[in-house]
Amino acid sequence: MRSEQQYIELYNEAREMIFSHAPEPMNAVRDEAFNDFVSAGFPSKKVERYKYTDVQKLFEPNFGVNINRLQIPVDPYETFRCDVPNLSTSLYFVVNDIFYHDEKPKGHLPEGVIIGSMCNHPDIVARYYAKLAKTNEDGITALNTMLAQDGMLVYVPKNVKVDRAIQVINILKATPQNAQRQVPDLMVNRRVLIVVEAGAEIKMLFCDHAADDRNFLTTQVIEAFVGENASLDLYCLEETHYKNVRVSNVYIDQQRDSRVTHNVITLHNGTTRNKLDLTFSGEGAECQCYGCVIADKQQHVDNNTLIVHKVPHCTSNELYKYVLDDKSTGAFAGRVLVEHGAQQTTSQMTNQNLTATKEARMYTQPMLEIYADDVKCAHGSTVGQLNDAALFYMRQRGISLEEARLLLQNAFVNEVIDHMQLEPLRDRLHYLVEKRFRGELNKCTGCKLCK
C-alpha cells in the first residue's frame with residue numbers, strides 16, 4: 001500500500017479543506033469514495049483490465065496537489081490562440097482542474113445550454129454525478145472522486161441542438177509566470193459531467209496541453225449521459241510531453257436510438273492510460289469508437305474499452321490504430337459483452353498496429369463475450385511492419401526510403417482521422433500527424449493545434 005498511503009494521509013489531513021471548496025453533490029459521495037479507495041487501492045497488473053500498465057508505480061512519486069484551489073495566474077487566451085480556419089468553436093479553458101471563469105465573450109449558446117463549473121449548478125450535478133463512475137469498481141475513479149473539488153458541467157436540454165462545436169483546452173501549468181520559486185511537480189484531478197437530454201445534439205473537442213516542462217500526473221473522469229434519440233460527438237486529443245502521465249476513465253450511457261462517436265488521439269505524451277466504459281441501456285442505439293496512437297522513444301499508450309450491449313438492436317464499431325517507433329509500448333484491450341436477451345446486436349472491433357523497430361512492443365487483446373444467439377459480432381487484430389513491396393515500389397519511382405515510410409504511415413492512420421466530422425480539425429490533424437512522423441512535434445510548447 002506504499003503508493004496509496006500518501007493519498008490516504010492527504011485526505012485525512014485535508015478533508016475539511018477539500019469539503020470547503022466543493023459543492024454538496026461532490027461532497028456527498030466523497031467519504032464513500034475514500035473508503036472504497038482504502039479498501040481496494042490502486043489496481044495492480046494482476047487485475048485483468050490493468051495488466052499492461054503499472055498504475056501503482058505511476059502514483060508512487062510525491063506529487064503536489066492544489067488543495068487550496070489557488071488559481072495559477074495565466075491568461076489562456078494569450079498563451080493559446082486558436083486560429084484554425086473555419087473551425088468556429090466555442091472556446092473554453094480548464095487550467096489544471098479549475099474551470100477558467102474569466103472567459104471572453106463567445107458565440108451565443110442556445111437557450112438552456114450550460115457550460116461551466118459544477119460549483120454553480122449543484123441541482124443538475126446532484127442528479128447525475130457519480131452515477132456511472134462507480135468508485136467501488138475502479139481505484140483510479142475512487143481516487144479522483146475523493147480528491148476532485150470542482151469539475152466542468154456540460155448540459156444540453158431536451159431537443160436542443162448545439163450547432164457550434166465546443167472546444168475545451170485543458171492546460172497543465174505548475175509554475176506561475178515570472179515566478180522566482182520552483183513549484184513541485186503537480187497532480188491534477190479533473191472531472192467532467194456531460195448530460196445530453198432526449199433529442200439534443202452536441203459536438204465536443206477536448207485538447208490536452210502542458211505549458212510547463214514539469215512532471216504532471218493527471219487523473220480524469222468523464223461521465224456522459226446520452227438521452228433518447230440524442231447525439232454526442234466526443235473527441236479527445238493529447239499533445240503534451242514525455243514528463244506527463246495521464247490516466248483517463250470515460251463512462252458513457254446511451255438510451256434508445258442515441259448516437260455516440262468517441263475518438264481519442266494521442267500525438268505526444270509520456271505515459272497514457274485511457275479507459276472507456278460504454279453501456280447501451282436503450283434499444284436502437286449505436287456508437288462509433290476510434291483511436292489513433294503515434295508513439296516513439298519510451299512512450300507508453302494503453303487503451304482499454306468495454307462496450308456492454310444490455311438491450312437488443314444496438315450497433316457498436318471500434319477501430320484503433322497504433323504506430324510505434326523506437327522503444328515505445330502500446331496496448332489495446334477491447335471487450336464487447338452481449339448480455340442475455342440482447343438480440344439483433346451488431347458489433348465490429350478492429351485493432352491494427354505497425355511496429356517500426358524490433359524494440360517497439362504492442363500488446364493486443366480483442367475479446368467477445370456473447371450470451372445471445374441472434375447477433376453479428378466480429379473482432380480482429382494485426383501487428384506488423386510496413387509493407388516491403390510497397391516500399392520497394394515507391395523507391396523504384398524515385399521516392400526516398402524515409403519519405404516512403406512517411407507516406408505509408410500517414411495512409412495507415414488516416415482512416416481514423418477521416419472519421420472526424422469537423423472538417424477543419426480533420427485537415428489540421430492530417431498536417432499535425434505528418435509533422436509528428438517527421439519528428440517536428442517533439443514537445444508541447446503551446447497549442448500546436450492552433451498555430
Side-chain angles (χ1 to χ4, degrees), residues 18 21-23 26 63-82 89-104 106 109 113-121 124-125 129 133 144-145 147-155 162 165-177 183 186-195 202-212 214 216-224 234-241 244-251 264-265 269 272 274 444 446-450:
I18 293 173
H21 291 297
M26 300 185 76
F63 288 87
V65 182
N66 187 11
I67 297 295
N68 286 315
R69 310 302 289 163
L70 299 177
Q71 179 76 59
I72 299 294
V74 58
D75 183 352
Y77 289 93
E78 290 298 322
T79 306
F80 295 83
R81 295 182 178 274
C82 187
T89 60
S90 292
L91 190 62
Y92 296 84
F93 292 92
V94 176
V95 180
N96 296 328
D97 50 10
I98 299 177
F99 184 80
Y100 188 77
H101 293 278
D102 300 328
E103 69 265 17
K104 296 179 181 178
K106 50 180 61 67
L109 293 174
V113 175
I114 297 173
I115 299 176
S117 166
M118 288 189 191
C119 292
N120 297 332
H121 307 279
I124 297 176
V125 175
Y129 185 76
N144 179 281
T145 304
L147 293 180
Q149 295 168 272
D150 190 11
M152 182 176 188
L153 171 65
V154 178
Y155 174 77
V162 182
I166 305 300
Q167 183 178 5
V168 181
I169 307 294
N170 294 315
I171 303 173
L172 295 172
K173 179 75 175 171
T175 307
Q177 293 173 327
V183 175
L186 187 64
M187 177 183 183
V188 171
N189 298 291
R190 190 183 303 136
R191 195 78 182 215
V192 180
L193 176 61
I194 303 172
V195 180
I202 191 170
K203 293 181 174 65
M204 299 207 64
L205 167 64
F206 288 90
C207 305
D208 281 16
H209 300 278
D212 284 332
R214 309 290 296 170
F216 291 102
L217 170 61
T218 302
T219 72
Q220 174 178 268
V221 173
I222 298 177
E223 295 178 279
L234 181 60
Y235 306 112
C236 300
L237 171 67
E238 181 181 5
E239 189 193 342
T240 56
H241 56 52
N244 186 62
V245 175
R246 179 180 187 266
V247 184
S248 175
N249 292 348
V250 177
Y251 300 89
V264 56
I265 295 179
N269 73 311
T272 297
N274 296 317
C444 180
C447 183
K448 285 190 172 63
L449 176 67
C450 311

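Counting from 1, the numbers follow the sequence of the chain as shown. These figures come from a predicted structure and were not determined experimentally.
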Original post:
Pick from Val113, Leu193, Ile124, Ile194: which one makes a side chain to side chain contact (heavy atoms under 4.5 Å, CB included) with Tyr155?
Top reply: Ile124

**OP:** Go through the steps to decide whether Ile115 and Val168 satisfy the test side-chain contact (heavy atoms from CB on, under 4.5 Å), and finish with yes or no.
**Re:** CA-CA 10 Å; Ile115 299 176; Val168 181; 5.9 Å; no

**OP:** Locate the shortest heavy-atom distance separating Arg214 from His241; write the atom from each residue and the value.
**Re:** O-CE1, 3.1 Å

Original post:
Listed by chain and number, what are the side chain to side chain contact (heavy atoms under 4.5 Å, CB included) partners of Ala133, not counting sequence neighbours?
Top reply: Thr141, Arg191, Val221, Glu223, Tyr251

Original post:
To the nearest 0.5 Å, what is the distance between CG (Leu234) and CD1 (Ile166)?
Top reply: 12.5 Å

**OP:** Find the distance between CG (Leu172) and CG (Asn96) and round it off to the nearest 0.5 Å.
**Re:** 6.0 Å

Original post:
Looking only at heavy atoms, what is the nearest atom pair of Leu109 and Ser90, with distance?
Top reply: CD2-OG, 4.3 Å

**OP:** Carefully, step by step, assess Asn249 and Ile222 under the rule side-chain contact (heavy atoms from CB on, under 4.5 Å).
**Re:** CA-CA 6 Å; Asn249 292 348; Ile222 298 177; over 6 Å; no

Subject >> Candidate list Asn170, Asn144, Asn274, Val247, test side chain to side chain contact (heavy atoms under 4.5 Å, CB included), partner Gln220, passing option >> reply: Asn170

Original post:
Looking at Arg190 and Asp97, does any basic side-chain N land under 4.0 Å from a carboxylate oxygen?
Top reply: no

Original post:
Just by modelled atom types, is the Asn244 backbone N or O under 3.5 Å from a matching donor or acceptor in the Asn269 side chain?
Top reply: no

Subject >> Evaluation steps, side-chain contact (heavy atoms from CB on, under 4.5 Å), between Ile67 and Ile18 >> reply: CA-CA 6 Å; Ile67 297 295; Ile18 293 173; 4.0 Å; yes

Original post:
Rounded to the nearest 0.5 Å, what separation is found between the SG atom of Cys119 and the NE2 atom of His21?
Top reply: 10.0 Å

Subject >> Close side-chain approach of Val125 and Pro23, heavy atoms under 4.5 Å >> reply: no

**OP:** Might you point out which heavy atoms bring Leu186 and Lys173 nearest each other, and give the distance in Å?
**Re:** CD2-O, 3.8 Å

**OP:** May I ask you to test the Val195-Val154 pair for a side-chain heavy-atom distance under 4.5 Å?
**Re:** no

**OP:** Identify the heavy atoms of Phe99 and Ser117 that sit nearest to each other, and give their distance.
**Re:** CD2-N, 4.0 Å

Subject >> Name of the residue among Leu217, Thr145, Leu147 meeting side chain to side chain contact (heavy atoms under 4.5 Å, CB included) with Asn189 >> reply: Leu147

Original post:
Which heavy atom of Phe93 sits nearest a heavy atom of Leu91, and at what distance?
Top reply: CZ-CD2, 3.7 Å

Original post:
Between Thr219, Thr240, Asp208, which is the residue that forms a side-chain hydrogen bond (donor to acceptor under 3.5 Å, both in side chains) with Arg246?
Top reply: Asp208

Original post:
Would you say Asp150 and Ile98 make side-chain contact, with heavy atoms under 4.5 Å?
Top reply: no

Original post:
Passes side-chain contact (heavy atoms from CB on, under 4.5 Å), Val188 versus Phe63? Steps please.
Top reply: CA-CA 9 Å; Val188 171; Phe63 288 87; over 6 Å; no

**OP:** Identify the two heavy atoms, one from Cys207 and one from Gln167, that lie closest to each other, and give their separation to 0.1 Å.
**Re:** SG-NE2, 3.9 Å

